[in-house]
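Only a predicted model underlies this, so the values are computations on that prediction, with no experimental measurement involved. One-based numbering, in listed order, for ligands and for the atoms of each.
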Amino acid sequence: MHRALAQAGVASRRAAELLVAEGRVTVNGEVAHVGQVVQSTDRLEVDGSPVNPEPIYTYMLNKPMGMVSTAYDPEGRPTVLDPMPDDVRLYPVGRLDIDTTGLLLITNDGDLAHQLMHPSSKVPKTYEAMVAGRVSAAGVRQLREGIELEDGMTQPAVVEILDRQAPGCTWLSIEITEGRNRQVRRMCDVIEHPVRKLARTRYGGLGLGKLRRGEFRSLASTEITKLEQIAGVTR
Ligand code: URA
């Protein structure tokens with residue numbers, strides 16, 4: 001609540017707290033109380049005047065190698081927020097490893113991000129992986145059916161061998177609906193074809209299109225609607 005008011009530019013966080021304590025703030029027409037949790041869809045008013053919520057921004061970044069997917073890195077490495085506009089507080093929707101490239105959503109829409117990352121949403125994510133060695137049909141079947149990892153069996157995956165040459169390696173397309181830490185790398189390690197290169201090409205039905213490595217763009221409203229449907233966000 002205080003954060004919502006402060007973010008909307010009403011006052012500092014401290015002053016916002018005072019406004020609430022003085023009973024001058026309403027949420028959906030009811031007097032707010034200190035510590036009340038509000039959603040981005042709630043209607044806030046101060047002294048009867050509506051508070052305009054912070055505008056929502058959702059971007060797609062084609063992440064290059066070498067960037068960490070956190071807002072701040074104690075080791076001082078480049079982060080995925082470095083290329084992004086800095087007028088609002090943004091954060092990445094999930095993570096890509098430092099050496100994974102490709103599609104990463106970055107937003108200040110907490111509800112959408114939370115729902116997309118929730119395991120029950122089962123958002124499909126497609127990766128192109130260049131793995132060491134020649135992958136047999138049996139290897140592909142294992143990846144498809146599920147791999148025993150130390151944190152449990154993986155859900156069925158959609159896996160195809162891509163028609164792309166790389167000496168001593170195989171290119172795979174792997175679609176998973178979970179988002180466990182280093183999941184694709186760990187799955188490929190188990191079948192003894194370690195990942196040499198990894199890129200995410202699709203997320204929740206959205207693709208990179210012509211977006212080049214290192215570039216970002218705002219999502220179109222049709223793309224946001226698609227994500228909201230997949231994540232089950234209702235506004
Ligand atoms: N799986 C991985 O192993 N790494 C990523 O960055 C994403 C999925």
Side-chain angles (χ1 to χ4, degrees), residues 58-73 75 77-84 90-107 112-133 135 139-140 142-162 164 166 169-208 211-216 227 230-231:
T58 303
Y59 300 100
M60 176 190 291
L61 170 71
N62 187 344
K63 176 190 172 300
M65 298 268 268
M67 277 182 181
V68 291
S69 300
T70 48
Y72 168 75
D73 182 52
E75 293 177 40
R77 293 169 296 185
T79 83
V80 292
L81 296 189
D82 290 348
M84 309 306 297
L90 297 167
Y91 38 92
V93 180
R95 287 180 181 204
L96 290 177
D97 302 331
I98 188 164
D99 42 2
T100 301
T101 59
L103 199 165
L104 183 67
L105 296 181
I106 296 188
T107 187
L112 181 64
H114 178 260
Q115 277 305 112
L116 285 170
M117 287 190 278
H118 198 277
S120 67
S121 299
K122 296 191 166 44
V123 175
K125 305 156 192 92
T126 309
Y127 297 86
E128 289 181 359
M130 189 182 90
V131 302
V135 179
V140 171
Q142 267 183 286
L143 292 173
R144 284 183 183 150
E145 289 176 358
I147 300 271
E148 183 73 52
L149 298 178
E150 71 252 23
D151 49 357
M153 199 74 178
T154 60
Q155 294 292 308
V158 180
V159 181
E160 304 294 341
I161 294 184
L162 295 173
R164 205 181 287 173
C169 291
T170 309
W171 275 98
L172 298 173
S173 165
I174 303 178
E175 183 192 294
I176 57 174
T177 53
E178 302 167 278
R180 300 197 225 163
N181 193 26
R182 296 180 72 82
Q183 180 166 342
V184 173
R185 291 175 200 276
R186 290 191 291 138
M187 288 167 71
C188 293
D189 281 345
V190 170
I191 62 160
E192 297 185 346
H193 291 286
V195 167
R196 298 288 186 239
K197 279 188 192 170
L198 188 61
R200 183 155 71 192
T201 54
R202 299 189 67 76
Y203 183 97
L206 307 186
L208 281 168
L211 194 66
R212 288 194 300 223
R213 200 62 53 80
E215 291 183 345
F216 69 89
L227 289 175
I230 284 189

Query raised in the report: Got Cys188 and Leu198 here, is their nearest side-chain heavy-atom distance under 4.5 Å?
Result: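 Side-chain contact under 4.5 Å: no.
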
**Report entry** Contact summary for Leu211 and Asn62, nearest pair of heavy atoms
**Finding:**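 Closest heavy-atom pair between Leu211 and Asn62: O-ND2, 2.9 Å.
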
Query raised in the report: Can you name the closest pair of heavy atoms from Ile230 and Gly205 and give their distance?
Result: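 The pair with the smallest heavy-atom distance is CD1-N, 4.3 Å.
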
Query raised in the report: Protein residues near ligand 1, heavy-atom distance below 4.0 Å?
Result: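 For ligand 1, the contacting residues are Leu96, Asp97, Thr100, Tyr127, Arg182, Gln183, Val184, Arg185, Leu198.
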
Query raised in the report: Looking at residues at least two apart in the chain, or sitting in another chain, which of them share a salt bridge (Lys or Arg N to Asp or Glu O under 4.0 Å) with Arg185?
Result: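 Partners of Arg185 under the salt bridge (Lys or Arg N to Asp or Glu O under 4.0 Å) test: Asp97, Asp99.
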
Requested in this report: Kindly check if the number of other-residue, nucleotide or ligand heavy atoms within 6.0 Å of CD (Glu148) is above 12?
Outcome: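 Buried by this count: over 12 neighbours within 6.0 Å.
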
Requested in this report: Give a yes or no on whether Arg180 atom CZ has more than 12 heavy-atom contacts from other residues, nucleotides or ligands under 6.0 Å away.
Outcome: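 Count over threshold, so yes.
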
